[in-house]
Amino acid sequence: MSLNSTPSADRIHIGIFGRRNAGKSSIINAITGQDLAIISDVKGTTTDPVLKAMELLPLGPVVLIDTPGLDDEGALGQLRIQKAKQMLNKTDIALLVIDNTLGLTDVDREILALIQKKEIPYLLVRNKCDLKMESHDFPQMPRSPEETPDASRASDFMAVSEEHQIAVSAKTGFHIEELKERIAAIVPKESHSRRIIGDLVAPGSLVLLVVPIDSAAPKGRLILPQQQTIRDLLDAGAAAVVVRDTELSDMLRRLHDQISLVVIDSQIFPKVAAIVPPEIPLTSFSILFARYKGNLETVVRGAQALDDLQDGDTILISEGCTHHRQCEDIGTVKLPRWIQEHAKKSSETNSEKSPEVPKGTFRDCKQSPRSQASPDFGSSPIQKELRFEFTSGAEFPADLSPYRMIIHCGGCMLNEREMKYRLSCANDAGIPITNYGTAIAHMKGILKRSTEIFRHNESIGGETNIP
């Protein structure tokens with residue numbers, strides 16, 4: 001991603017749903033004016049969800065989600081339907097495409113009810129309005145001559161109002177421009193008001209960003225949260241100075257009186273916190289993104305569950321992206337090790353006698369991507385045996401009951417709706433949830449310091465609900 005492009009997570013996600021051959025892919029091609037999606041008279045041409053990032057006037061940067069037909073058949077078809085419904089969790093605007101010649105079926109009613117339950121802004125797109133309607137019902141509403149079906153077969157149902165439907169023809173282009181205008185009119189307004197860091201600093205401020213460059217760092221580029229933070233500082237009229245942790249001490253000596261804030265990678269929290277003077281505010285990219293995604297208070301409270309882990313507890317560690325895992329991967333190696341060490345210390349704190357426990361390490365970083373036992377720290381009467389499970393990308397368990405807590409990545413690749421969905425799932429199940437940076441700061445005893453700037457920053461009203 002370049003500094004000028006809009007990250008996928010910040011784009012409006014428009015999900016296109018419907019039965020096979022309703023014309024979903026044709027609608028995508030019509031509203032974009034391009035042959036982006038393959039179309040065919042053969043049912044089931046789209047077999048997996050396909051996400052396409054693009055600019056779409058008058059909306060701006062969007063992600064279009066083309067989904068498999070919701071009436072697919074067989075065991076494989078059921079898996080495709082499941083994947084299609086999963087896309088609702090990241091959909092900001094839903095287009096339910098109906099074949100106007102067939103009307104609304106039970107399959108359409110089911111997905112429409114699900115869209116309404118999730119409170120997703122939606123439009124019922126009645127495609128193929130240039131053809132004659134058959135024997136199924138549709139709501140009565142004013143129509144032009146080009147879209148008039150058999151009037152005797154049109155009736156109200158499910159209280160679908162005029163504002164939630166539009167008749168179009170992907171083939172002739174009828175009402176396609178109107179469809180784009182209607183989509184723009186229901187864009188969630190709050191999507192345009194969030195800031196990562198720009199509201200925390202004044203114009204002209206200098207912010208020091210500490211970025212470790214090690215074997216896990218991508219070659220030739222910064223990772224997405226770092227890029228987005230720099231861009232937001234530039235938009236705020238502030239200056240960003242980016243240094244490695246190895247040059248931090250020297251930079252602090254040179255710029256001490258000018259630095260308004262230090263932002264660091266969570267993995268080096270303890271090292272940097274010991275170097276940065278207490279009078280300089282300090283936080284992490286992960287904590288910034290927790291606030292950006294609207295869940296800072298939740299993840300700070302969730303981190304407290306780390307102090308109460310019991311023997312046999314299972315912790316879910318979930319990432320929003322998929323990447324090549326290395327031997328010292330933060331999610332599957334470092335976090336489990338640090339959590340086990342923290343659980344050991346918590347046991348010792350609460351024990352009258354703390355026998356020495358041999359320090360353990362992971363013997364082999366090539367573990368199961370799904371589940372593993374905790375590292376081998378030797379046997380001890382106070383040692384807690386924890387288990388860890390891992391998910392990545394779009395996968396997130398529907399049943400969270402097996403887990404004592406969830407530790408999520410910063411979610412830079414997830415849009416706001418999907419992140420809120422995962423938080424809601426955890427809340428509904430009564431499972432504490434936190435994120436990488438917040439968990440690390442809590443375990444290292446520096447969470448209060450790293451969230452202090454949000455408690456007392458008058459420009460953002462002071463987020464006093466943070467524990």
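Keep in mind that what you see is a predicted model, and the values were worked out from it rather than measured.
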Short side-chain to backbone donor-acceptor contact, Thr434 and Val299, under 3.5 Å: yes
Heavy-atom check, side chain of Cys412 versus side chain of Phe285, under 4.5 Å: no
Side chain to side chain contact (heavy atoms under 4.5 Å, CB included) partner of Val300, chosen from Thr438, Ile287, Asn295: Thr438
Donor-acceptor contact present, side-chain Thr67 to main-chain Ile16, <3.5 Å: yes
Close side-chain approach of Phe17 and Leu114, heavy atoms under 4.5 Å: no
Short N-O contact, Lys180 and Glu177, less than 4.0 angstrom: yes
Geometric class of the His164/Tyr122 ring pair [parallel <30°, tilted 30-60°, perpendicular >60°]: parallel
Side-chain touch Arg126/His175, heavy atoms, less than 4.5 angstrom: no
Any donor-acceptor pair under 3.5 Å from Ser169 side chain to Thr172 backbone: yes
Atom NZ of Lys444 with >12 non-hydrogen neighbours under 6.0 angstrom: yes
Residue pair Asn415, Tyr421: steps toward the side-chain contact (heavy atoms from CB on, under 4.5 Å) verdict: CA-CA 10 Å; Asn415 65 348; Tyr421 163 76; over 6 Å; no
Identified side chain to side chain contact (heavy atoms under 4.5 Å, CB included) counterpart of Leu261 within the set Leu206, Val207, Leu208: Val207
Other residues, nucleotides, ligands: >12 heavy atoms within 6.0 Å of Gln82 CD: no
Exam field: side chain Thr91 to backbone Ile14, donor-acceptor pair closer than 3.5 Å: no
Minimum side-chain heavy-atom gap Ile317-Thr332 below 4.5 Å: no
Pair Arg291 + Asp199, salt bridge at N-O below 4.0 Å: yes
Flag, side chain of Ser424 to backbone of Lys420, donor-acceptor distance under 3.5 Å: no
Salt-bridge contact Asp99-Arg19 (side-chain N to carboxylate O under 4.0 Å): no
Min side-chain heavy-atom separation Pro68-Pro49 under 4.5 Å: yes
Asn127 to Ala170 - nearest heavy-atom pair and separation: OD1-N, 3.0 Å
Polar contact flag, side-chain donor to acceptor under 3.5 angstrom, Asn89-Lys118: yes
Side-chain donor-acceptor pair present, Asp108, Thr105, cut-off under 3.5 Å: yes
Residue pair Asp232 / Gly198: nearest heavy atoms and the distance that separates them: OD2-N, 2.7 Å
Glu55 and Arg11: CA distance, side-chain angles, deciding distance, side-chain contact (heavy atoms from CB on, under 4.5 Å) verdict: CA-CA 9 Å; Glu55 298 286 325; Arg11 294 171 178 259; 4.1 Å; yes
Phe388 and Phe390 aromatic ring geometry - parallel, tilted or perpendicular at 30°/60° bounds: parallel
Salt bridge present between Arg301 and Glu297 (N-O < 4.0 angstrom): yes
Shortest non-hydrogen contact from Pro212 toward Ile268: CD-CD1, 4.0 Å
Any donor-acceptor pair under 3.5 Å from Lys293 side chain to Met419 backbone: no
Closest contact, heavy atoms only, His342 versus Leu306: CD2-O, 3.4 Å
Glu73 and Arg80 ion-paired at < 4.0 Å: no
Residue pair His408 / Arg422, side-chain donor-acceptor N/O under 3.5 Å: yes
Candidate list Cys409, Ser286, Ser284, test side chain to side chain contact (heavy atoms under 4.5 Å, CB included), partner Asn435, passing option: Ser286
Candidate pair Arg417 and His13, rule side-chain contact (heavy atoms from CB on, under 4.5 Å), full reasoning: CA-CA 9 Å; Arg417 177 171 286 276; His13 284 54; over 6 Å; no
NZ on Lys128 to NZ on Lys171, rounded to 0.5 Å: 10.0 Å
Leu222 side chain near Ile230 side chain, heavy-atom distance below 4.5 Å: yes
Interatomic spacing from OG1 in Thr32 to CG in Leu57 - rounded to 0.5 Å: 12.0 Å
Min side-chain heavy-atom separation Ser25-Ile28 under 4.5 Å: no
Phe269 vs Ile446, side-chain contact (heavy atoms from CB on, under 4.5 Å): CA-CA, chis, key distance, verdict: CA-CA 8 Å; Phe269 243 140; Ile446 51 179; 3.3 Å; yes
Heavy-atom neighbours of Met443 CE exceed 12 at 6.0 Å: yes
Nearest heavy atoms of Met405 and Leu309, plus distance in Å: SD-CD2, 4.0 Å
Closest non-hydrogen atom pair between Gln228 and Asp10, with its separation: NE2-OD2, 3.1 Å
Lys90 side chain near Ile65 side chain, heavy-atom distance below 4.5 Å: yes
